[in-house]
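Being a predicted model, the structure only gives us computed values, none of them experimental.
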Amino acid sequence: MIRITFPDGSVREYNQGINSHEIAMSISPGLAADIYAATVNGELRDLSQPVEGNATVRFHKWDDAEAKHAFWHSSAHLMAEALEALYPGIKFGIGPAIENGFYYDVDPGEGRVITDADLPLIEEKMKELAARKSPIIRSEVSKKDAMDLFTAKGDEYKTELISDLEDGTITLYRQGNFTDLCRGPHLPDTSSIKAIKVLSLAGAYWRGDEKRKMMTRIYGITFPKQKMLDEYMAMLEEARKRDHRRIGRELELFAFSPKVGMGLPLWLPKGADMKQRLIDFMTKVLKERGYTMVSTPHIGNVDLYKTSGHYEKYGADSFRPITTPQEGEVFMLKPMNCPHHCEIFNVTPHSYRELPVRMAEFGTVYRYEQSGELHGLTRVRSFTQDDAHHFCAPEQLKEEFKSIIDLVQYIFKIAGFNEFTAQISLRDPNNHEKYIGTDENWEKAEKAIIEASGEKNLITTIAVGEAAFYGPKLDFMVRDAIGRKWQLGTIQVDYNLPERFGLEYTGSDNQKHQPVMIHRAIFGSMERFVAVLIENTAGRFPIWLTPDQAVILPISEKFNDYAKTVSNFLNNYDIRTLIDERNEKIGKKIRDNELKRIPYLLVIGEKEELAGTVSVRKQGEGDRGVMKPEEFMSLVKEEIKKEIGI
RNA sequence: GCCUCCUUAGCUCAGUGGUAGAGCAGCUCACUCGUAAUGAGCAGGUCGUGGGUUCAACUCCCAUGGGAGGCUCCA
């Protein structure tokens with residue numbers, strides 16, 4: 001008999017050789033049907049693997065990442081089995097579970113191409129195979145046997161993977177006619193894979209190396225219930241509707257023109273207006289928080305970037321240098337603002353009494369991103385950073401961090417991102433050569449970040465070894481309305497540039513000291529921030545920010561004059577108000593303006609003109625009743641005050 | 001950059017080896033209207049660009065521009 005301990009502390013006894021699935025079954029068949037993997041003595045295992053000896057067992061239901069992982073990993077194998085049946089001789093790379101579903105990288109073989117039209121066929125085959133309820137069988141093999149098996153099959157990708165593995169740790173999983181090299185864990189059989197969708201195709205380099213072969217990556221997702229798949233597909237559809245590129249065009253916020261150049265955004269009047277409003281708001285907040293605004297040119301002498309080290313690091317991947325009629329004179333488009341800011345710091349001598357210096361700029365930078373990397377406003381070749389640099393003494397780091405975290409929290413709240421997390425990136429303690437700066441300073445900085453985050457109650461994860469070579473950092477991730485994560489703000493400590501630019505200040509000891517530099521951005525870039533804002537709000541922006549706050553809808557052209565009176569009144573009070581003067585029925589005007597996401601629709605007709613009122617309709621919510629223009633104005637002002645406190 | 005796919009009117013999309021269609025948007029006219037699409041008419045495209053095959057190309061082939069998804073979340 002063996003003793004099994006459960007997470008709640010209870011203990012049950014079983015015969016030798018029992019597996020997790022059978023244990024779950026003994027508790028209740030309902031539980032057994034709900035679980036997909038088990039953690040046995042802290043190790044993630046197949047349900048069908050026997051439990052040896054006394055053990056603690058924790059079952060994983062669907063909501064656990066471990067369960068989804070096993071489920072999707074087995075689904076990847078199921079897809080591979082289908083692919084092998086459909087395309088004999090196909091070769092397999094890797095096929096992992098991912099955050100949403102799974103993929104398999106395959107090489108269909110010379111001259112064979114898998115296209116979108118094939119996806120439904122693969123899906124059908126998977127359904128057919130899943131219905132066979134084949135058991136998924138694990139086996140441990142020697143390195144040699146594994147090598148022989150996949151060599152015989154001619155699968156050079158698997159043999160390459162095996163050659164990197166330790167003998168004695170290699171396991172295979174087989175279901176039906178398909179055997180795969182795999183660590184597991186897996187489902188006991190394919191019967192629980194009920195809802196299957198093969199989603200898309202993509203190219204992916206073998207082992208992520210662009211010098212190696214391009215594999216065909218097939219993405220899919222599966223669920224134990226059809227309803228869950230339906231919900232997932234609905235979520236994808238919702239994400240598609242919120243796509244900032246689509247909404248950006250519909251609401252006339254921004255555009256791209258191949259003639260201007262790919263990745264170079266054109267801000268249309270409404271989008272430019274919104275962007276400027278964000279900049280104005282941020283500028284006001286920064287000034288209140290002890291920042292000084294600076295402004296620097298869009299180009300800089302190549303020597304500037306040689307000094308900063310950016311030329312060496314990014315020069316080859318960037319826009320080409322700009323030459324002038326003057327022999328030997330070379331400029332570059334500015335890829336970042338920091339070198340310019342360092343030179344501003346260097347213009348005057350500094351005393352410890354002035355520190356910290358907080359220098360901010362909405363600086364437009366230019367980076368030659370690879371054409372395939374470009375994406376809407378989130379990945380562009382010219383963008384405006386809400387950049388700032390703090391120059392401070394090492395002992396001021398923690399306070400500076402706290403002030404920035406505070407600012408980030410404030411701005412995110414106003415922008416409507418109520419849920420966010422932060423990642424602290426520290427250096428790899430075993431690889432000191434990789435980093436610049438003294439151990440003492442690194443320890444100080446890392447301690448400052450960790451303590452500041454703790455004191456500001458940030459939810460953080462710590463990533464060891466993820467720091468930049470020049471310093472540790474703190475990155476912020478927001479979660480949007482449909483659960484997607486976006487990286488927005490970043491705070492980075494830098495010991496590199498102060499050294500390269502010879503920055504210094506005079507301390508209380510009358511000695512020269514090197515300041516520490518902090519790079520930080522809250523929005524990240526105006527482009528990216530607007531994109532995330534669009535996707536988060538689906539174009540229903542906060543009223544303080546939205547391009548048009550109200551639109552007046554006259555019932556007929558007879559009331560256009562009264563509409564002008566009301567619109568003049570509201571515009572005088574800075575309520576951004578339009579009139580829909582088109583000769584259309586009121587239903588049509590309402591529909592069109594609802595689709596434009598204008599927060600308030602003011603219907604006016606004979607009754608309103610006689611009473612001197614407006615009939616207020618809130619976007620997406622419907623009729624709010626009749627009120628005087630003054631009352632409506634106060635209502636909007638009140639709402640803005642709630643949003644941004646002004 | 002690389003892989004797969006897409007590229008037809010301002011937008012969303014049909015379409016066929018015999019030189020183009022719809023809806024919406026736009027314009028004009030009528031209606032002067034009460035909370036998510038009034039009706040009629042008009043106009044709008046050398047089918048992304050450049051080659052090739054063909055009696056004939058929007059359609060087939062090649063090149064090129066642009067767009068979409070993706071390019072380790074590791075056996």
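In this entry B:U35 has no Watson-Crick or G-U wobble partner, no candidate having both defining distances under 3.5 Å. Base pairing of B:U46: no nucleotide in any strand meets the Watson-Crick or G-U wobble criterion (both distances under 3.5 Å). For B:A68, the paired base is B:U4 (Watson-Crick or G-U wobble, both distances below 3.5 Å). Remark: B:U53 base-pairs with no nucleotide in the shown strands. Criterion, Watson-Crick or G-U wobble with two distances under 3.5 Å. Nucleotide B:U12 is matched to B:A22 when pairs are restricted to Watson-Crick or G-U wobble geometry with both distances under 3.5 angstrom. In a base pair of the Watson-Crick type (N1 to N3 plus N6-O4 or O6-N4) or a G-U wobble (N1-O2 and O6-N3), with each distance short of 3.5 Å, B:G17 is matched with no nucleotide.
A close approach under 4.0 Å does occur between a side-chain nitrogen or oxygen of A:R245 and OP1 or OP2 of B:G69. Close to B:G69, at under 4.0 Å from its OP1 or OP2, lies a side-chain N or O of A:H375. Regarding contacts with the backbone of B:A75, a side-chain N or O of A:R183 is found under 4.0 angstrom from either OP1 or OP2. Proximity of A:K589 to the phosphate of B:U35: no side-chain N or O atom is located under 4.0 Å from OP1 or OP2. Between A:R249 and B:U12 there is a side-chain polar atom (N or O) within less than 4.0 angstrom of OP1 or OP2. The phosphate of B:A25 (OP1 or OP2) has a side-chain N or O of A:K588 nearer than 4.0 angstrom. Close to B:G69, at under 4.0 Å from its OP1 or OP2, lies no side-chain N or O of A:Y103.
The P atoms of B:G48 and B:C58 are separated by 10 Å, rounded to the nearest whole Å. Between B:G18 and B:U59, the two C1' atoms lie 11 Å apart (nearest whole Å). Nucleotides B:A30 and B:G10 have their P atoms positioned 29 Å apart, rounded to a whole Å. Rounded to whole Å, the separation between the P atoms of B:C13 and B:A36 comes to 27 Å. A gap of 35 Å separates the C1' atoms of B:A14 and B:C33, to the nearest Å. Between B:G39 and B:C24, the distance separating the two P atoms is 8 Å to the nearest Å. Nucleotides B:G26 and B:G45, compared at atom C1', are 15 Å apart to the nearest Å. Here the separation of B:A25 from B:C62, taken at their P atoms, is 40 Å to the nearest Å.
Side-chain proximity of A:M214 to the nucleotides B:A75, B:C2, B:U35 is greatest for B:C2. Checking B:A37, B:A75, B:U32 against every side-chain atom of A:L165, the shortest atom distance belongs to B:A75. Across B:C73, B:G34, B:A36, the shortest atom-to-atom separation from the side chain of A:V603 is found for B:G34. Distances were taken from every side-chain heavy atom of A:S556 (C-beta onward) to each of B:G69, B:C33, B:G67; the shortest belongs to B:C33.
In terms of modelled atom types and a separation under 3.5 Å, the side chain of A:D189 and the main chain of A:S134 share no donor-acceptor contact. Between the A:R367 side chain and the A:P335 main chain, a donor and an acceptor come within less than 3.5 Å of each other.
Nucleotide B:U32 holds its P atom 18 Å from the CD atom of A:E609, rounded to whole Å. Regarding A:F254, its CZ atom lies at a distance of 13 Å from the P atom of B:G67, rounded to whole Å. Rounded to an integer number of Å, the gap from A:E66 CD to B:C73 C1' is 15 Å. We find that CZ of A:R217 is positioned 19 Å from P of B:C2, with the value rounded to whole Å. With rounding to whole Å, A:L595 atom CG is found 13 Å from B:C11 atom C1'. What separates NE2 of A:H73 from P of B:C73 is a distance of 15 Å, to the nearest Å. Rounding to whole angstrom units, CD1 of residue A:I218 and C1' of B:C5 are separated by 14 Å. Regarding A:M215, its CE atom lies at a distance of 13 Å from the C1' atom of B:A75, rounded to whole Å.
Results of the salt bridge (charged side-chain N to carboxylate O under 4.0 Å, His left out) test with A:D180 over A:R138, A:K158, A:R174 single out A:K158 as the only residue that passes. Between A:F92 and the choices A:Y157, A:F178, A:W206, A:Y103, the ring pair (Phe, Tyr, Trp, His ring centres under 6.0 Å) rule is met once, by A:F178. For the ring pair (Phe, Tyr, Trp, His ring centres under 6.0 Å) criterion with A:F223, the lone passing option out of A:F71, A:W62, A:F102 is A:W62.
At a threshold of 4.0 angstrom between heavy atoms, the contacts of A:Y219 are confined to the sugar-phosphate backbone, with no base atom among them. Within the 4.0 angstrom heavy-atom criterion, no nucleotide atom of any strand lies near A:E250. Looking at heavy-atom distances under 4.0 Å, A:E594 makes contact with a base. Using a 4.0 Å heavy-atom cutoff across all strands shown, A:A204 reaches sugar-phosphate atoms only and no base atom. As judged by a 4.0 angstrom heavy-atom cut-off over every strand, A:K158 is placed among residues touching the sugar-phosphate backbone only. Heavy atoms of A:T169 sit under 4.0 angstrom from at least one base atom. Note on A:E160: nothing from the nucleic acid sits closer than 4.0 angstrom, heavy atoms only. Nucleic acid contact class of A:I586 (heavy atoms, under 4.0 Å, all strands): sugar-phosphate only. Heavy atoms of A:S615 sit under 4.0 angstrom from at least one base atom. Looking at heavy-atom distances under 4.0 Å, A:I94 makes contact with sugar-phosphate atoms alone, never a base.
Residue-to-nucleotide proximity on RNA chain B shows that, of A:Y104 and A:R582, the 5′-proximal contact is made by A:R582. Nearest-nucleotide mapping onto RNA chain B: of A:G95 and A:G587, the residue sitting toward the 5' end is A:G587.
In the interface, the side chain of A:E373 is not paired with the base of B:G70 through any donor and acceptor atom under 3.5 Å apart. Not a single donor-acceptor pair, N or O on each side, falls under 3.5 Å between the base of B:A68 and the side chain of A:R240.
A:Y173 and A:D46 share a side-chain donor-acceptor pair at under 3.5 Å. In this model, a donor atom of one side chain and an acceptor atom of the other lie less than 3.5 Å apart for A:S425 and A:Q423.
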> Can A:E639 and A:Y600 be said to form a side chain to side chain donor-acceptor pair (under 3.5 Å), step by step?
Replying inline: CA-CA 12 Å; A:E639 203 174 325; A:Y600 285 103; 2.5 Å; yes

>> Working note: A:F559 + A:I552, criterion side chain to side chain contact (heavy atoms under 4.5 Å, CB included); need CA distance, chi angles, decisive distance, verdict.
In response: CA-CA 10 Å; A:F559 310 106; A:I552 300 172; over 6 Å; no

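Cation-pi check for A:R597 over A:F541 is not met; the charged atom does not lie both under 6.0 angstrom from the ring centroid and within 45 degrees of its normal.
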